[in-house]
Q: 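This is the structure I want to talk about, given as structure tokens.
Each chain gets a letter, A, B and so on, in the order its sequence line appears, and its residues count up from 1.
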2 protein chains.
Amino acid sequence: MNGQTRLSWTDVRDEIRARILSRTYAPGDKLPRDEDIAIELGCARTTVHRAMQDLSQIGLVERKRKGGTHVMTDPVTRATFDIPITRREVEQRGSKYGYQLISSTLDDTPMPVMARFGIHKPCQMLHVKALHLADNRPYIFEDRWVNTRSTPDILNVDLEVESANEWLVRNKPYSRVDVRFYAMNAQGESAKYLSTTAGTALLVIERTTWIGQDPITSVQAVAAPGYQLTALN
Amino acid sequence: MNGQTRLSWTDVRDEIRARILSRTYAPGDKLPRDEDIAIELGCARTTVHRAMQDLSQIGLVERKRKGGTHVMTDPVTRATFDIPITRREVEQRGSKYGYQLISSTLDDTPMPVMARFGIHKPCQMLHVKALHLADNRPYIFEDRWVNTRSTPDILNVDLEVESANEWLVRNKPYSRVDVRFYAMNAQGESAKYLSTTAGTALLVIERTTWIGQDPITSVQAVAAPGYQLTALN
DNA sequence: AATATTAATATGTAACTACTTAATTTTGTC
DNA sequence: GACAAAATTAAGTAGTTACATATTAATATT
């Protein structure tokens, strides 16, 4: 902030953000031009530009060519979550990771799964059910469908040893992913494998991935009771 | 991609990402130096640098000074969610927004709420319960605590007319937010106001905000049955 | 051989220049 | 006055130069 060392773009970002928080620039307001801010703060326009790009990505301001920069009227809360492979998630909690294959069969994809993939023709896929454990206690029950057309190699993997989760993440990069969270009552298999009573509210993390247009896999990861997803920062 | 127009940093980013997806650069691999990539692609180092920064933020690569750039070994799925004010969320779904204040009282903060704020001394806060509706049907039941020390103005707001959600977002910017998602069984008030039977699994979005060190507010937003959170992209 | 010093290296950052692009405002024409 | 063309504006982008900084590797010192 003092004149000793010159301003970095993060300094400029923090300064502008502080002004927005203190309502020097109020919601809906138009900010000065990048160049004027640069002159005021004593830095180059590129530095202000870099700062503004960040604020724009965070969703604090909106920028338009010629239109200038405006403070967003209704700021949205933007939350980012990292979903690592389950092994790492467990290990990062300081717990011992365990894994157990429940079943692996070739089945016709049911309608809801076809809907997730956005496909209309029924086809066979590998249907894998597995349980991830933390300190020998159930952690996540996963119900996964793998497209054997796009990922034939999965058939040669010994899923008793390596989880489909891990193998896919390491060997099958995707270009698009759909992630959604919702709540579900424990029932049948989810209750059984997560050692809970039917009816317990469980958090579900559903992920579907594609490479180009081709579906790869879709998982329903049902977390054990009490599981919380926490945003970064 | 052709030589006609020069490469933008997003072009470079996409090219590098494509190489990572196609395993030209496999997980764990060290990428060439920025400068060499720049020479290869025929652009400036700064352009490659900007691309790499983005890939690093996405979580696809890891960069270290002198150490160079490495492809992440276990790529994490990074999901970003926008949580707008509830009115806008409802309106964006094309539904009619409704709002109903249930109660607004000054209460002693219970332990779990103190824990969320990270404070140890008990104190009084404004305790607001409200219901958000979409097309006259319950949409989100919110149970909120507002720190009257940091936000005394809330006491002058007519919460029958304007929701605390909206007033706070518009009038009380925060510098830090904690967001977490979990599942909860409907019971008591949540069941009653969301017009569902006790036991139904419900998704809860919990948000706590601070300005500097001062707690502002903490909400438990309990969504109606069937609610799904979908990541951007 | 163990440790401290120095050199080399790749990324990080900022300034300046030059040009592009989208959008708005002004001007000109009918 | 309505509409089209031109000028203006502010952000977007890329290149170049210069230097900072963290980390590793090489070298010298004990």
Side-chain angles (χ1 to χ4, degrees), chain A residues 1-20 24-73, chain B residues 1-20 24-73:
Chain A
M1 208 49 75
N2 54 29
Q4 201 125 27
T5 142
R6 56 186 178 177
L7 296 171
S8 74
W9 69 265
T10 50
D11 294 335
V12 174
R13 178 197 59 193
D14 293 346
E15 171 63 21
I16 305 291
R17 183 171 50 197
R19 290 185 185 183
I20 292 171
T24 305
Y25 305 138
D29 276 9
K30 181 172 180 172
L31 299 189
R33 303 157 46 207
D34 288 8
E35 202 171 338
D36 291 338
I37 292 179
I39 292 168
E40 189 213 328
L41 299 180
C43 66
R45 183 167 78 89
T46 43
T47 310
V48 176
H49 176 69
R50 186 63 187 84
M52 289 297 191
Q53 277 211 160
D54 203 59
L55 292 172
S56 166
Q57 202 188 344
I58 289 165
L60 252 187
V61 302
E62 198 169 27
R63 280 159 77 77
K64 264 203 306 211
R65 275 178 166 145
K66 164 76 184 176
T69 309
H70 288 261
V71 181
M72 285 283 206
T73 38
Chain B
M1 212 48 75
N2 55 31
Q4 201 126 27
T5 142
R6 56 186 178 178
L7 296 170
S8 74
W9 69 265
T10 50
D11 294 335
V12 174
R13 178 197 58 192
D14 294 345
E15 172 62 22
I16 305 291
R17 182 171 51 197
R19 289 184 186 183
I20 292 172
T24 306
Y25 305 139
D29 277 9
K30 180 172 180 172
L31 298 189
R33 303 159 45 206
D34 289 7
E35 202 171 338
D36 291 338
I37 292 179
I39 292 165
E40 189 212 329
L41 299 180
C43 65
R45 183 168 75 89
T46 44
T47 309
V48 175
H49 175 69
R50 186 65 186 83
M52 288 298 191
Q53 278 212 160
D54 203 59
L55 291 171
S56 166
Q57 202 188 346
I58 290 163
L60 251 187
V61 302
E62 199 171 26
R63 281 160 78 77
K64 263 203 306 210
R65 274 178 166 144
K66 163 77 185 177
T69 308
H70 287 262
V71 181
M72 285 284 204
T73 37

Q: More than 12 heavy atoms of other residues, nucleotides or ligands under 6.0 Å from CD of A/Glu40: is that the case?
A: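 Buried by this count: over 12 neighbours within 6.0 Å.
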Q: For the pair made of CZ in A/Arg50 and C1' in D/dG12, what is the distance, rounded to whole Å?
A: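 Those two atoms, CZ and C1', are 13 Å apart.
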Q: Using the side-chain heavy atoms of B/Trp9, tell me which of these nucleotides is nearest: D/dT24, D/dT13, C/dA22.
A: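 From the listed options, D/dT13 comes nearest.
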Q: Under 3.5 Å, is there an N or O donor on one side and an acceptor on the other linking the side chain of B/Arg45 and the base of C/dG12?
A: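 Under the 3.5 Å cut-off, the side chain and the base do form a donor-acceptor pair.
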Q: Any side-chain N or O of B/Thr47 below 4.0 angstrom from OP1/OP2 of D/dT13?
A: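 Indeed not, no polar side-chain atom of B/Thr47 lies that close.
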Q: For D/dA11 and A/Thr69 - does any side-chain N or O of the residue sit under 4.0 Å from the phosphate oxygens OP1/OP2?
A: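 Checking D/dA11 against A/Thr69, a side-chain N or O does come within under 4.0 Å of OP1 or OP2.
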Q: Can you tell me the distance, in whole Å, between the CZ atom of A/Arg33 and the P atom of D/dA11?
A: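 Computing the A/Arg33:CZ to D/dA11:P distance gives 7 Å.
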Q: Could you state the atom-to-atom distance from CD of B/Glu35 to C1' of D/dG15 in whole Å?
A: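 Distance, rounded to whole Å: 13 Å.
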Q: C/dT24, D/dG15, D/dT23: which one has an atom nearest the side-chain heavy atoms of B/Ala44?
A: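 Output: D/dG15.
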Q: Quick check for you: to the nearest 0.5 Å, what is the distance between A/Arg13 atom CZ and A/Gln53 atom CD?
A: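 Answer for the CZ-CD pair, A/Arg13 versus A/Gln53, is 12.5 Å.
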Q: May I ask you to test the A/Leu7-A/Glu15 pair for a side-chain heavy-atom distance under 4.5 Å?
A: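 Not in contact.
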Q: Using atom CG of A/Asp34 as one end and atom C1' of D/dT9 as the other, report the distance to the nearest whole Å.
A: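 Checked: the CG to C1' distance equals 12 Å.
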Q: Atom NE2 of B/His49 to atom C1' of D/dT13: distance rounded to whole Å?
A: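 The answer, rounded to whole Å, is 15 Å.
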Q: With side chains defined as the heavy atoms from C-beta onward, is the minimum distance between A/Cys43 and A/Trp9 less than 4.5 Å?
A: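 Side chain of A/Cys43 against side chain of A/Trp9, heavy atoms only: no contact under 4.5 Å found.
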Q: Of A/Gly67 and A/Thr46, whose nearest nucleotide on DNA chain C comes first from the 5' end?
A: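 Its nucleotide being nearer the 5' end, the pick is A/Thr46.
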Q: Flag the pair B/Asp11 / B/Thr47 as yes when at least one side-chain heavy-atom distance between them is below 4.5 Å, and no otherwise.
A: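 A side-chain contact under 4.5 Å is absent here.
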Q: Rounded to the nearest angstrom, tell me the gap between atom NZ in A/Lys66 and atom P in D/dT9.
A: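 Rounded to the whole Å, the gap is 7 Å.
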Q: Tell me which nucleotide among D/dT8, C/dT11, D/dA11 gets nearest to the side chain of A/Arg65.
A: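 Side chain of A/Arg65 sits closest to D/dA11.
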Q: Quick one: on DNA chain C, does B/Gln53 or B/Lys30 contact a more 5' nucleotide (nearest heavy atom)?
A: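 Per heavy-atom nearest nucleotide, the more 5' residue is B/Lys30.
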Q: Between C/dT24, D/dA11, C/dG12, which one does the side chain of B/Arg63 approach most closely?
A: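 Of all the options, the side chain of B/Arg63 is nearest to C/dG12.
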Q: Using whole Å, report how far CD1 of A/Ile39 lies from P of C/dA15.
A: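 Rounded to whole Å, this separation is 13 Å.
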Q: What is the distance from CD of A/Glu62 to P of D/dA11, rounded to the nearest Å?
A: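 Taking CD of A/Glu62 and P of D/dA11, I get 14 Å after rounding.
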